[in-house]
Amino acid sequence: MKIRSLRLRTVVQLLALLTLMLAAFCWVMFLVIRDRVDADVDQLVYDKAIISGLSLNSINPAWVKNDPRNWESRRYAIMGQTFDTNWNVLYRSPRMASPIEPTERARREMRHAQGWLIETVEAANGELFRVATVAARLEVDKPTHGFAQVGVSLRDRDREIWRFVSWMIGGSVLVLAAGGLAAVHLGAQWSAPLGVMGQAAESVDPRNLSRQRIVAPPDVPEVTPLVVAFNSLLDRLEGMQSAQQRFVADASHELRTPLTILRGEIEVALRRDRPASEYRMTLESCREEIEALSRLVDGLLVLARCDGGDQRSAPARGDLGRAAREVCERLLPQATERRIEMVVDALATVWVPLDDASLDRLLLNLVDNALRHSSPGERVWVQVTEEQGASVLRVVDQGIGISAEHQSRIFDRFYRVDSGRSREGGGTGLGLAIVKALVESRGGTVKLRSEIGKGSEFTVSWPACENSVGSK
Ligand code: ADP
């Protein structure tokens, strides 16, 4: 299961890490403690067995001095017994519920000079004991005058180990609880700036993005990049919003002009009865305005589609070479009428990622512009070629050119260098904006090189297209 809350995830991860570390620590400690307790028990039974051996009377072992302190220990219940040299029991401590018989091994070992042994022995009732056996001698080289055995139940030893272990477990639980609380507190502290940012982001009013920016908390530099990224997103959104508002205002203005003209002409025509020829003239003028309106609405539609990503989603392919030849053929009468020479230099087939209708529109806009801004006797050159794998369209004219001041804005929507002249010529101010939107929506670029009085060169290019086939 995936935990969605960052805070909860941090707490769970910290606790899991802490639990793992504590478990490893407790395991190591358990091994150390078990070792230590084992050594302690062995030392205790050995010491007590030595003392018990000393309590045996060397002249007559039967005279046992039964000092109860021999069998005392603060932590363990100690059982002991003493034997004469024939292993007859002389004394057995009262705590010994079930007798422990000396093992064969113990009897054998006691014959050696050192004469002591610590082993684990099973009592008659099945209980396990750690037992030390010592041979009682006055001195090392003197004969043995008896044996002493002292034992501690392994149950006692285990209880002692578990006493330590339960302390460790208790301590670990406390550490875990403290760690959990600390993790919850730290998680809250870490996520607080994000919460503050979230609230600030929530409070941004999308209708008025200007001057609504988030301020990064000064003491948490980690969130600064996030705040910067968010603010830059707001900047871009604000830019897009104002461009959108400008566009709508411009579009309304552009639509209103022909509508006003239409209304004016109709009102004048209706003011009194007129001959049929006058009505015809008015209707023809109205048709021209309606055609201008249609062109404008078509342009707006294309731009809206490009903005909405339509061009990007529809997989399309068109032949740039064909489009160039056909469009130039269509515009040839216009060029001839204005005595402008038109040269088409296009490869047979150059595939680009735009459908045929969009390619026709793009070429029509560029070549029509070139013709409209050229003078009689000048030349318009349309080239379609492939350069380093890229598909390239060039529309070059020797016309009036565009000044540097206008070049940067020429592709803006409704931008015209000479507004009056452009309208008269049927221009909507959307031609180059449409070219740019169509080309860029398919990963292409448009470049302009122009000089006043010398002409303009529009270069459109698309990076290598997989299906591109070029031949003259
Ligand atoms: P329109 O449809 O009004 O011509 P465009 O977007 O096609 O609008 O062009 C914008 C402006 O760019 C036009 O007003 C025109 O002055 C200028 N322009 C476009 N093409 C050329 C060119 N080849 N030579 C000189 N000026 C041009």
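Below, each value reflects all heavy atoms present in this structure, side chains not excepted, and no hydrogens, waters or symmetry copies. Read the numbers this way: they start at 1 and go in the same order the structure lists the ligands and their atoms.
In the vicinity of Ile410, heavy-atom distances shorter than 4.0 Å reach the ligand 1 atoms 11 (C), 12 (O), 17 (C). Of all the atoms in ligand 1, the ones that sit under 4.0 Å from a non-hydrogen atom of Arg416 are 3 (O), 14 (O). In the vicinity of Tyr415, heavy-atom distances shorter than 4.0 Å reach the ligand 1 atoms 10 (C), 11 (C).
Between Gly429 and ligand 1, at least one N/O pair is under 3.5 Å apart. Residue Arg372 has at least one nitrogen or oxygen atom sitting less than 3.5 Å from a nitrogen or oxygen atom of ligand 1, judged on distance alone. Considering backbone and side-chain N/O atoms, Val417 comes within less than 3.5 Å of an N/O atom of ligand 1.
For Phe30 and Trp27, the distance between ring centers is under 6.0 angstrom.
Residue Phe411 holds its CZ atom at 5.5 Å from CG of Leu432, rounded to the nearest 0.5 Å. Atom CG of residue Leu31 and atom SG of residue Cys26 lie 11.5 Å apart, to the nearest 0.5 angstrom. Rounding to the nearest 0.5 angstrom, the gap separating the CD1 atom in Ile434 from the CG atom in Leu362 is 10.0 Å.
Distances from ligand 1 to the non-hydrogen atoms of Phe411 include no value under 4.0 Å. Between Asn365 and ligand 1 there is no heavy-atom distance shorter than 4.0 Å. Taking a 4.0 Å cut-off on heavy atoms, His406 fails to register as neighbouring ligand 1. The closest approach between Ser456 and ligand 1 falls below 4.0 Å for a heavy atom of the residue.
Distances from atom 5 (P) of ligand 1 to the heavy atoms of Leu432, Leu371, Asp397 put Leu432 nearest.
A donor and an acceptor atom, one from each side chain of Ser358 and Asp355, are located under 3.5 Å apart. Under 3.5 Å, the side chains of Glu265 and Ser285 contain a donor-acceptor pair of N or O atoms. Side-chain contact, Arg236 with Ser232: a donor N or O sits under 3.5 Å from an acceptor N or O.
For His373, every heavy-atom contact with ligand 1 shorter than 4.0 Å involves the side chain, none the backbone. Counting heavy atoms under 4.0 Å from ligand 1, residue Ile402 touches it through the side chain alone.
Two residues are said to be in side-chain contact when any heavy atoms from C-beta on lie closer than 4.5 Å; Leu366 and Leu393 meet this criterion. In this structure, the side chains of Leu363 and Leu320 come closer than 4.5 Å at one or more pairs of heavy atoms.
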